[in-house]
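Every value quoted in this text rests on a predicted model; they were computed, and no experiment measured them. Order of the sequence lines fixes the chain letters, A, B, ..., with proteins taken first and strands second; residue numbering starts at 1 for each chain. The figures that follow rest on heavy atoms only: side chains count, while hydrogens, waters and symmetry mates do not.
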There are 2 protein chains.
Amino acid sequence: MDVARSKGSDAGTPVACASCQARHGVVCGVLSSGQLKDLGRHSLRRKVDAGSEIVAQGSESSFYSNIMRGVVKLCKVMPDGRQQIVDLQFAPDFVGRPFVRESTLSAEAATDVEICVFPRDLLDRMISETPELRRSLHDQALKELDAAREWMLTLGRRTAEEKVASLLHLIATHAEPQTATTTVFDLPLSRAEIADFLGLTIETVSRQITRLRKSGVIRIEKFRHIIVPNMDEMERMISA
Amino acid sequence: MDVARSKGSDAGTPVACASCQARHGVVCGVLSSGQLKDLGRHSLRRKVDAGSEIVAQGSESSFYSNIMRGVVKLCKVMPDGRQQIVDLQFAPDFVGRPFVRESTLSAEAATDVEICVFPRDLLDRMISETPELRRSLHDQALKELDAAREWMLTLGRRTAEEKVASLLHLIATHAEPQTATTTVFDLPLSRAEIADFLGLTIETVSRQITRLRKSGVIRIEKFRHIIVPNMDEMERMISA
DNA sequence: CGCAGCGTTGAGTCCCTTCAATGTGCGTGG
DNA sequence: CCACGCACATTGAAGGGACTCAACGCTGCG
């Protein structure tokens, strides 16, 4: 099995990969050590500042990347400037759209981000040669699809308060739980970005956050730092 | 190449498949004639009346299906009854969620539907043995993901009028264009279903439809039968 | 300090919802 | 055949939740 083989032979893998966050992620976790070496030779670590674009909407990108650290937001913008964030991605997610060169969305660093960039052509070749890699990417695509549809429910049918709670819940589930019930985390998004993710305005986001604070569902320290004393209570807010 | 092989040997394929709408679809279009015969032996045509459920949300379905005729809606409902349609599927789309047995959404017939049902286990086995089949399903998943994200923009950032126009545009693009600019089609959805797809109420949907009618963007005959004299004008309504 | 970026808060407005009534098409049964 | 009931759709009036516009607070930085 490919997974076992690559795991068992880390000795031959590129140095840079040994301690990489994405080493056992969707892509690199299923490559043979030979493939990993090949990919490593053609890959490049890159730091991207918060707010900077990784891939532009409408552009033809000849690169894919793995997220090693930080949070990436996928955005769609309309000609008149209206904007919608359609997904958040975390390490060790894979960023890119196989089969289609021109991107229908932009990928931007929400926080400071480190990514590992590699040539599209090379990975495309590996995909066609490696059933397990295709399976893995297929699996990620389906998970993203599930998440997208779950979010459609949030966008279409939840109230502003439920929307904000849904977002906090989403972020919280990507953080380490402090105890069985309480979770602490830093928001990777500004109020404006939260609004663009929830289909709201900055002001309503702000108001709903203070509502949640006043009702005791969350505590806030320094704007972006959030404490959820009781995740069950948080889940009750989104009634699902 | 698998595609060529299966196309070239229709003589050996099951009789039922010969004239099937899904014969060259995502699944059957990439199977070898042997696999097609195998799948055909274990598959079953089924008619489903409009409004009936094909797969229930939260249930464990041991079947996949191909849509041969009609329109299927994928729905999510909340405990309190709020509902969101997250996708429409048309012949010859594949319906099912590989890798996960329990469905997080329900599939319901929007119109009268004919589907071809086959065992999950059998197709799962074929997927793992047939790279081209996995590629094909991966491709469909990514296309559905693109569509879901496009719809998130509609749900989050478009006005009621733009939402209704977006829906009509979506349906229209799945119908045969009458001339270069004009398209005629039957709505596969009731006003209530349209509302659940757009995150609106029945009444606003109705009002926006009559607005579009009065402004001349569409003409209506018999509630469900719509004429779009000029698709360019329709596209201008959704400003994208 | 002064400014810029980000977040909060308030007042007023508007778009969509809610509630309610009316209209339309269709199948059923008298 | 028409009356009746039902499901679906339209229309109107009133209300509310989110938006718009505007002011203000906080924080970091040149």
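A/F118 and A/H42 have their aromatic ring centers separated by at least 6.0 angstrom.
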Query raised in the report: What do the steps show when you test A/M231 against A/Q178 for side chain to side chain contact (heavy atoms under 4.5 Å, CB included), and what is the final call?
Result: CA-CA 11 Å; A/M231 278 296 277; A/Q178 209 74 357; over 6 Å; no
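What separates CD of A/Q208 from P of C/dG10 is a distance of 14 Å, to the nearest Å. Between the C1' atom of C/dC16 and the CZ atom of B/R158 lies a distance of 18 Å, rounded to the nearest Å. Going from atom CD of B/E162 over to atom C1' of C/dC15 covers 13 Å, rounded to whole Å. Straight-line distance from the CG atom of A/L200 to the P atom of D/dT20: 11 Å, rounded to whole Å. D/dC19 atom P lies 11 Å from atom CD1 of A/I202, rounded to whole Å. Across the protein-nucleic acid pair, B/D186 atom CG and C/dG25 atom C1' stand 15 Å apart, rounded to whole Å. In this structure, B/R207 places its CZ atom 9 Å from P of C/dT17, rounding to the nearest Å.
A heavy-atom distance below 4.0 Å to DNA chain D is reached by none of the residues of residues 210-222 of chain A.
B/I209 comes within 4.0 angstrom of no nucleic acid atom, judged by non-hydrogen atoms across all strands. Residue B/G199 is classed as a sugar-phosphate contact, given heavy-atom separations below 4.0 Å to backbone atoms only.
Remark: the backbone N or O of B/E162 is paired with a side-chain donor or acceptor of B/T159 at under 3.5 angstrom.
Classification of the B/F90-B/H174 ring pair by plane angle, with boundaries at 30° and 60°, yields parallel. Classified by interplanar angle (parallel below 30°, tilted 30° to 60°, perpendicular above 60°), the ring pair B/W151/B/F197 is parallel.
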Set out, line by line, the N/O atom pairs under 3.5 Å between protein and nucleotides 4-6 of chain C.
none

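Phosphate contact (OP1/OP2 of D/dC19, side-chain N/O of A/T201, threshold under 4.0 Å): present. When the side-chain nitrogen and oxygen atoms of A/S206 are compared with OP1 and OP2 of C/dG7, none of them lie within a distance under 4.0 Å.
A salt bridge is defined here as a Lys NZ or Arg NE, NH1 or NH2 lying under 4.0 Å from an Asp or Glu carboxylate O, and B/D196 with B/K73 fails to meet this definition.
Side-chain atoms of B/E203 stay outside donor-acceptor range of the base of C/dC16, with no qualifying N/O pair under 3.5 Å.
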Residues 214-227 of chain B, side-chain donor-acceptor partners within the protein, below 3.5 Å, at least two apart:
| residue | atom | partner | partner atom | Å |
| --- | --- | --- | --- | --- |
| B/S215 | OG | B/R211 | O | 3.3 |
| B/S215 | OG | B/L212 | O | 3.1 |
| B/H225 | ND1 | B/D186 | OD1 | 3.0 |

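Each of B/A192 and B/R157 lies near DNA chain D, and the nucleotide nearest B/A192 is the one positioned closer to the 5' end.
Closest approach of A/A91 to A/R69, counting heavy atoms only: CB-N, 4.0 Å.
B/E114 and B/Q21 are not linked by any side-chain donor-acceptor pair at a separation below 3.5 angstrom, with hydrogens and angles left out of the test.
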